[in-house]
Amino acid sequence: MKRIPSPAWLLAIAAASCSGRTDRGDDAAEIEAAPASHLCSLLAAEEIEGVLGGPVGPGMVAGPGGTACQWDGMGGRGFGSPIFAQARVINDKRFWSPPTEVGGYEPVRSVGTEAYVVPDIGGWTAGALTDSSVVTVTLNGGTADRGHAVKLLRILVARMK
């Protein structure tokens, strides 16, 4: 199953590609991804299972340009939305675009330089700006909630150091 990026990420990528930036050469929308195999190793499936309340498969490369790692729930879909977790790291601070206009947006303290959590379709997305990267964690289905999204974001940012 492929995950459709959250609306906040689609807007950030679209804005970057339409910005007319020329400081990166001909491909202004190129995304510098953290090596996907490294990203998938930063969070264990057991940690994801703990926050989603059910078993997940191994982390798989996902997202535009391999910028994400995704853990899909085992056993198919629950009521409504599929169960999954996705972590994304983009090594370019220019892609930071917190979704402040989304209902339920909340700033989060003590994670990176700036951080937020916001309800996302069927789940939650937490994002942080670090000294060199934009980091997000999206949880969907199962027992995903605001606190679990922020917890995984904190863990991911700490392990990136």
Side-chain angles (χ1 to χ4, degrees), residues 1 3-13 15-16 31-74 78 81-161:
M1 169 177 58
R3 162 81 167 119
I4 297 172
S6 73
W9 276 103
L10 290 174
L11 290 173
I13 291 169
I31 298 172
E32 293 182 25
S37 60
H38 175 68
L39 179 57
C40 289
S41 72
L42 292 178
L43 295 169
E46 293 78 19
E47 290 174 298
I48 305 299
E49 291 172 355
V51 299
L52 292 179
V56 297
M60 306 286 287
V61 176
T67 58
C69 185
Q70 182 164 316
W71 296 261
D72 292 324
M74 305 293 283
S81 300
I83 296 173
F84 68 87
Q86 187 178 90
R88 177 172 289 138
V89 177
I90 297 177
N91 295 323
D92 189 336
K93 294 182 349 177
R94 294 178 298 173
F95 284 92
W96 177 248
S97 181
T100 57
E101 301 299 319
V102 173
Y105 172 90
E106 295 178 46
V108 174
R109 296 178 189 199
S110 304
V111 181
T113 305
E114 185 179 343
Y116 69 88
V117 64
V118 65
D120 203 343
I121 301 170
W124 292 86
T125 294
L129 175 65
T130 70
D131 291 338
S132 61
S133 303
V134 174
V135 182
T136 61
V137 172
T138 299
L139 303 178
N140 195 70
T143 55
D145 62 17
R146 176 198 184 284
H148 286 125
V150 172
K151 176 182 177 180
L152 277 182
L153 179 68
R154 286 183 195 282
I155 291 169
L156 183 57
V157 168
R159 289 181 183 168
M160 289 173 49
K161 295 180 180 181

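Everything numeric here is computed off the predicted structure, so don't read it as measured data.
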Do any side-chain atoms of residues 150-161 form donor-acceptor pairs under 3.5 angstrom with protein atoms, and if so which ones, sequence neighbours left out?
| from | atom 1 | to | atom 2 | distance (Å) |
| --- | --- | --- | --- | --- |
| Arg154 | NH1 | Arg109 | O | 3.4 |
| Arg154 | NH1 | Ser110 | O | 3.2 |
| Arg154 | NH2 | Arg109 | O | 3.2 |
| Arg159 | NH1 | Leu42 | O | 2.7 |
| Arg159 | NH1 | Glu47 | OE1 | 2.9 |
| Arg159 | NH1 | Glu47 | OE2 | 3.1 |
| Arg159 | NH2 | Glu47 | OE2 | 2.8 |

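- Thr130 pairs by the side-chain hydrogen bond (donor to acceptor under 3.5 Å, both in side chains) definition with nothing, not counting sequence neighbours.
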Can you check side chain to side chain donor-acceptor pair (under 3.5 Å) on Thr125 and Thr138, steps first, answer last?
CA-CA 4 Å; Thr125 294; Thr138 299; 2.9 Å; yes
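- Nearest approach of Ala115 to Val111, heavy atoms of both residues: CB-O, 3.6 Å.
- Taken from CD in Glu46 to CD1 in Ile48, the straight-line distance is 10.0 Å, to the nearest 0.5 Å.
- Ala144 approaches Leu52 most closely through the heavy-atom pair CB-CD2, 3.9 Å.
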Set out, in order, the CA-CA distance, both residues' side-chain angles and the distance that settles side chain to side chain contact (heavy atoms under 4.5 Å, CB included) for Val56 and Phe84, then state yes or no.
CA-CA 7 Å; Val56 297; Phe84 68 87; over 6 Å; no
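- When all heavy atoms of Thr143 and His148 are compared, the pair lying nearest together is O-ND1, 3.3 Å.
- Annotation for Gly103 and Val118: closest pair O-CG2, 4.2 Å, computed over non-hydrogen atoms.
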For Asn140 and Asp120, run side chain to side chain contact (heavy atoms under 4.5 Å, CB included): C-alpha distance rounded to whole Å, both residues' side-chain angles, the deciding distance at 0.1 Å, then the answer.
CA-CA 8 Å; Asn140 195 70; Asp120 203 343; over 6 Å; no
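- Partners of Glu114 under the salt bridge (charged side-chain N to carboxylate O under 4.0 Å, His left out) rule, at least two apart in sequence or in another chain, do not exist in this structure.
- Rounded to the nearest 0.5 angstrom, Thr100 OG1 and Glu106 CD are separated by 13.5 Å.
- Side chains of Pro98 and Tyr105 form a contact here, defined as non-hydrogen atoms less than 4.5 Å apart.
- Thr67 and Arg88 share a side-chain donor-acceptor pair at under 3.5 Å.
- Side-chain contact between Cys69 and Trp71: present, with at least one pair of heavy atoms (C-beta onward) separated by less than 4.5 Å.
- The aromatic rings of Tyr116 and Trp96 lie tilted to each other, with the angle between the two planes from 30° to 60°.
- Across Lys93 and Ser133, no two heavy atoms sit closer than the pair CG-N, 3.9 Å.
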